[in-house]
A.B. asks: 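Here it is, the structure in full.
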There are 2 protein chains.
Amino acid sequence: MDKKVIQELIDRYVSVSFEVNKKAEALIKSQIEEDLTIDQHYIIGYIQKSEECTSSELAEAFEVNKSAITAIINRLADRGLIERTRDENDRRVVYLTLSEKGKELIQKTQEKVHLLVESFITQFDEAEITNFINTFEKLALILTNMKKEEVGE
Amino acid sequence: MDKKVIQELIDRYVSVSFEVNKKAEALIKSQIEEDLTIDQHYIIGYIQKSEECTSSELAEAFEVNKSAITAIINRLADRGLIERTRDENDRRVVYLTLSEKGKELIQKTQEKVHLLVESFITQFDEAEITNFINTFEKLALILTNMKKEEVGE
DNA sequence: GGTGAATAGTTTAACAGTTTAACTATTATT
DNA sequence: AATAATAGTTAAACTGTTAAACTATTCACC
């Protein structure tokens, strides 16, 4: 690729990804039920999808320290949205699950978020949005590998 | 579009955008100079690019309240990275500019971030990444319009 | 020209999220 | 049995955020 072209692509990428992130986050925030923060929403969503979720798994997925997760989980558990159960075989680990209240809450919120995403995805034609998401997924893979290299696995 | 296809695209989009955001943010964080946070980095970068930057403009761009901007600007001004100057014609407004120290810092950081973005952008062929960014920019436009509609402009 | 509304920015209090370091409890290694 | 490693928590310090009240200035318009 031409150096100039690359420079331009970089600038465009940096600026558009910033813009989309900010705007998308603001829109999601507007759809979230009750007094859930964005992070709480994502945490609950992750637990919902995950089989046997632990703090360590969350910390890795969200790229933060475990103590940051503890703080968030504490708040959600205090509100009765999340439950903790110890593993009987390895009593160090604590599994996180959603209470009924938590399940209901995330379901309602996910529906709204889905409608939101649908409303902009359907403004593209199928080929374009499919290509876009395909490349996006490739990018996710590349970033994962870059991180692994950095850590030196 | 088929309903099932749309559902699948939504799920893929939601999950891949979350993943890319987290990973990209972690990588950027690893490239940032000294003790700058991600938000501070973005704020300084925005001021650098902007002509006559004000707190209100930043608040709008970052989709937060003005008082959140005040807090960040205070910290950066305390560290001598940003300077405030009042508009002589309208003494309510305060222009934000980078000090020499601030300019040097952001330049060094931007270089690193550019190299980082370059390292993954160049793993795609030109057509694919160009299409990707084009669609991304369309998405930014759509989100901007959605917000305008919501606000009711 | 003076009064009330609008605008730009700040302050304060309260809270969420984050890191680092030290800690508890448990399990693995040797 | 002793030591190291792992899962998670706690505490202190900090950043970012909102909401509400505030200051200072400018605008609108009668």
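Here is the naming used below: chain letters follow the sequence lines, and residue numbers restart at 1 for every chain. What you are looking at is a predicted structure, and each value in this text was computed from that prediction instead of being measured.
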A.B. asks: When we call it a touch if two heavy atoms are under 4.0 Å apart, what does B:R86 touch: a base, just sugar-phosphate, or nothing?
C.D. replies: nothing
A.B. asks: Would you mind classifying the nucleic acid contact of A:D87 as base, sugar-phosphate or nothing, using non-hydrogen atoms under 4.0 angstrom?
C.D. replies: nothing
A.B. asks: Pull out every protein N or O sitting under 3.5 Å from an N or O of nucleotides 19-24 of chain C, one pair per line with the distance.
C.D. replies:
unit_1	atom_1	unit_2	atom_2	d
C:dT19	OP2	A:N65	N	2.8
C:dT20	O4	A:S67	OG	2.9

A.B. asks: Just how far, in rounded Å, is P of C:dA14 from CZ of A:R75?
C.D. replies: 16 Å
A.B. asks: Just how far, in rounded Å, is C1' of D:dT17 from CD1 of A:I72?
C.D. replies: 14 Å
A.B. asks: Return the minimal non-hydrogen interatomic distance between B:R86 and B:R91, and the atom names on each side.
C.D. replies: NE-O, 2.7 Å
A.B. asks: How long is the straight-line distance from NZ of A:K23 back to CG of B:L139, given to the nearest 0.5 Å?
C.D. replies: 10.5 Å
A.B. asks: Are B:I82 and B:V93 co-members of a hydrophobic cluster defined by side-chain heavy atoms under 4.5 Å apart?
C.D. replies: no
A.B. asks: Nearest whole angstrom, please: distance from the P of C:dC15 to the CG of A:L76.
C.D. replies: 16 Å
A.B. asks: Measuring to OP1 and OP2 of C:dG9, would you say a side-chain N or O of B:S56 lies under 4.0 angstrom away?
C.D. replies: yes
A.B. asks: Just how far, in rounded Å, is C1' of D:dA7 from CD of A:E52?
C.D. replies: 15 Å
A.B. asks: Count I, L, V, M, F, W, Y as connected when their side-chain heavy atoms are under 4.5 Å apart, and connections chain through other members. Are A:I43 and B:V14 then in the same cluster?
C.D. replies: yes
A.B. asks: Considering just the side-chain nitrogens and oxygens of A:R84, establish if one lies under 4.0 Å of OP1 or OP2 belonging to D:dG8.
C.D. replies: no
A.B. asks: Are B:F62 and B:Y42 an aromatic pair by the rule of ring centers under 6.0 Å?
C.D. replies: no
A.B. asks: Would you call the rings of B:Y13 and A:F120 parallel, tilted or perpendicular, taking 30° and 60° as the class edges?
C.D. replies: perpendicular
A.B. asks: Side chain to side chain donor-acceptor pair (under 3.5 Å) with B:Y95: which of B:D87, B:T85, B:T54?
C.D. replies: B:D87
A.B. asks: What about A:R91: does its side chain form a donor-acceptor pair under 3.5 Å with the base of C:dT26?
C.D. replies: no
A.B. asks: Taking CD from B:E88 and P from C:dA8, how many angstroms apart are they, rounded to a whole number?
C.D. replies: 18 Å
A.B. asks: A:R92 has a side chain; which of C:dG17, D:dT17, D:dA7 sits nearest to it?
C.D. replies: D:dA7
A.B. asks: I need the CG-C1' distance between B:L58 and D:dG16, as an integer number of Å.
C.D. replies: 14 Å
A.B. asks: Mind checking if B:T70 touches a base, just sugar-phosphate, or nothing, with heavy atoms under 4.0 Å?
C.D. replies: base
A.B. asks: Closest nucleotide of DNA chain D for A:E57 versus for B:T37: which of these residues is on the 5' side?
C.D. replies: A:E57
A.B. asks: Considering heavy-atom distances to DNA chain C, does B:I73 or A:I38 have its closest nucleotide positioned more toward the 5' end?
C.D. replies: B:I73
A.B. asks: Roughly how many Å is it from OH in B:Y42 to C1' in D:dT15, rounded to a whole number?
C.D. replies: 17 Å
A.B. asks: Rounded to the Å, how far apart are B:E25 CD and C:dG17 P?
C.D. replies: 14 Å
